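All of these numbers come straight from a predicted model, not from anything done at the bench. Every heavy atom of this structure was used, including side-chain atoms; hydrogens, water molecules and symmetry mates were not.
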There are 2 protein chains.
Amino acid sequence: MRVAELSQRTGVPIPTIKYYLRAGLLPAGELTSPNQAHYGETHVHRLRLVRALVEVGGLSISATRAVLEKMRGADSQLHSIGKAQFALGPRTEPHEDAALADARTRVDELIERRGWLVRESNPARAGLAEALAHLTRLGHGDALPLLERYADAAQTLADPEVDLVLGRPNVDGMAETVVTLTVIGDALMSALRRMAQESEATRRLAD
Amino acid sequence: MRVAELSQRTGVPIPTIKYYLRAGLLPAGELTSPNQAHYGETHVHRLRLVRALVEVGGLSISATRAVLEKMRGADSQLHSIGKAQFALGPRTEPHEDAALADARTRVDELIERRGWLVRESNPARAGLAEALAHLTRLGHGDALPLLERYADAAQTLADPEVDLVLGRPNVDGMAETVVTLTVIGDALMSALRRMAQESEATRRLAD
DNA sequence: GTTTTCAGATAGCTGGACTATCCATAAGGA
DNA sequence: TCCTTATGGATAGTCCAGCTATCTGAAAAC
């Protein structure tokens with residue numbers, strides 16, 4: 001297909017497609033002549049993946065490129081596949097203070113207590129610590145017990161999630177599933193939490 | 001205290017504090033003379049709240065202002081308090097197609113099936129539908145059963161979350177807890193999911 | 001054979017989030 | 001007291017991300 005059709009099928013404007021090509025998010029089409037190229041289903045799919053990462057996950061263009069590159073480089077080792085989620089680190093340096101140092105210890109303790117196998121380099125450690133630090137700075141230390149409930153939930157969910165990943169017929173499929181499950185999964189969970197919260201609150205209000 | 005101390009205690013640069021004052025995210029200090037003002041603990045706290053929303057939640061300045069305004073306007077009615085989370089809608093118009101229409105029905109069905117009390121106007125409905133639409137466009141329809149597990153988790157978490165909110169001694173505290181629980185809670189859950197996923201995957205790999 | 005579309009290149013635009021200066025005044029220390 | 005530093009308020013400037021527009025020959029489509 002030509003670029004117009006690619007645009008129509010994905011809802012992405014042609015100038016934006018060109019921009020993504022330049023930015024290295026989308027491979028060039030197959031050139032049939034110096035100024036004609038055609039695109040296949042892989043382009044449609046890749047473009048949809050890019051949009052999911054950008055729109056749902058809120059990833060920047062460069063973060064998206066990094067994720068896609070790690071995806072491509074995954075070999076059959078599962079931990080290598082998981083690298084894709086490593087490109088989703090935080091953006092800026094956190095404010096170093098006592099609350100943050102304390103939060104880091106708390107994260108280490110939680111991981112140890114649960115016997116989780118999490119590499120030191122996993123950026124989720126830093127992300128969790130930073131979020132906790134904000135919580136305590138705001139004086140919401142009494143929300144910390146909730147953390148255990150969240151961890152329970154995460155632990156419970158991990159099982160079917162990994163099932164889904166390992167059920168893919170090939171490595172590329174696995175890597176892509178990791179990425180979508182990570183990014184879109186956050187959005188799903190976030191929306192469901194908001195709705196469940198409203199529902200529960202409304203129910204209590206009725207009493 | 002003067003602005004320098006406010007800056008030191010929160011880690012926010014003075015020019016940025018001035019910017020937040022102009023943007024209406026932070027109330028002006030109490031003027032003691034035409035060019036001297038002093039700030040109190042409320043300013044420290046408000047500034048920390050702003051940074052949590054911006055850094056952890058990734059909210060824009062205008063979204064942050066909107067959230068803070070809704071927070072201030074909350075009365076004793078719980079549903080009014082919940083309005084704070086309504087300022088967290090999506091940023092751009094979604095791509096309308098069959099997948100999205102389908103996803104919307106699926107969301108309605110899920111809410112009905114679970115007997116959730118969720119207003120039509122709750123933006124989480126649209127957010128969930130959009131995320132689901134991306135999932136199906138990517139051909140990950142087999143991930144949909146996972147949605148039920150996510151919903152289970154959200155439902156389970158809602159109970160202690162609402163407990164925490166209702167445990168606050170006053171309305172302002174409740175409203176702020178809703179906001180922090182919504183925004184920081186997302187970050188906590190996201191990080192915990194990533195870690196639990198890595199752990200579970202590593203464990204399976206060992207077999 | 002005329003109108004439309006294309007690839008590739010380059011330049012421009014818009015909005016958001018700060019950051020820098022300036023001014024006149026006020027604090028704070030030697 | 002005098003002098004350095006800090007301050008509030010105002011205004012202007014910066015930087016970057018993510019597009020968007022235009023141009024140029026050449027190929028498609030009708």
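- By the 4.0 Å N-to-carboxylate-O rule, B:R46 lies too far from B:E176 to be salt-bridged with it.
- Among the atoms of the strands shown, only primed sugar atoms or phosphate atoms (P, OP1, OP2) are found under 4.0 Å from some heavy atom of B:R2.
- At a threshold of 4.0 angstrom between heavy atoms, the contacts of A:A4 are confined to the sugar-phosphate backbone, with no base atom among them.
- Whole-Å rounding puts the A:L26 CG to C:dA7 P distance at 11 Å.
- In this model, the phosphate group of D:dT20 is approached by a side-chain N or O of A:T16 to a distance below 4.0 Å at OP1 or OP2.
- Here the P atom of nucleotide C:dA7 and the CE atom of A:M1 are 12 Å apart, to the nearest Å.
- Across all strands, B:L31 comes closer than 4.0 Å only to sugar-phosphate atoms, never to a base (heavy-atom distances).
- Nearest-nucleotide positions on DNA chain D place B:S33 closer to the 5' end than the other of A:Q36 and B:S33.
- Atom CD1 of B:I14 is separated from atom C1' of C:dC18 by 15 Å (rounded to the nearest Å).
- Screening B:V56, B:T16, B:T10 against B:R51 for a side-chain contact (heavy atoms from CB on, under 4.5 Å) leaves a single residue, B:T16.
- Atom CZ in B:R22 sits about 8 Å away from atom C1' in C:dC18, given to the nearest Å.
- The distance between atom OH of B:Y20 and atom C1' of D:dG8, rounded to the nearest whole Å, is 19 Å.
- At a threshold of 4.0 Å, the pair A:R114-A:D152 counts as salt-bridged, since one of the basic side-chain nitrogens sits closer than that to a carboxylate oxygen.
- Between B:E41 and B:R9 there is a salt bridge, since at least one side-chain N of the basic residue sits less than 4.0 Å from a carboxylate O of the acidic one.
- For A:N35 and C:dA7, a side-chain-to-base donor-acceptor distance below 3.5 Å is absent, hydrogens and geometry of angles not being considered.
- For B:R51, taking side-chain heavy atoms from C-beta onward, the closest of the listed nucleotides C:dC18, D:dA27, C:dT19 is C:dC18.
- With respect to B:E96 and B:R104, a salt bridge is recorded, a charged nitrogen being found less than 4.0 Å from a carboxylate O.
- Atom P of nucleotide D:dA17 and atom CG of A:L25 are separated by 13 Å, given to the nearest angstrom.
- Atom NZ in A:K18 sits about 10 Å away from atom C1' in C:dT5, given to the nearest Å.
- Between B:I61 and A:A37, the one whose closest nucleotide on DNA chain C sits nearer the 5' end is A:A37.
- Between B:Y19 and C:dG16 there is no side-chain polar atom (N or O) within less than 4.0 angstrom of OP1 or OP2.
- At whole-Å resolution of the value, CG in A:L21 and P in C:dA7 are 8 Å apart.
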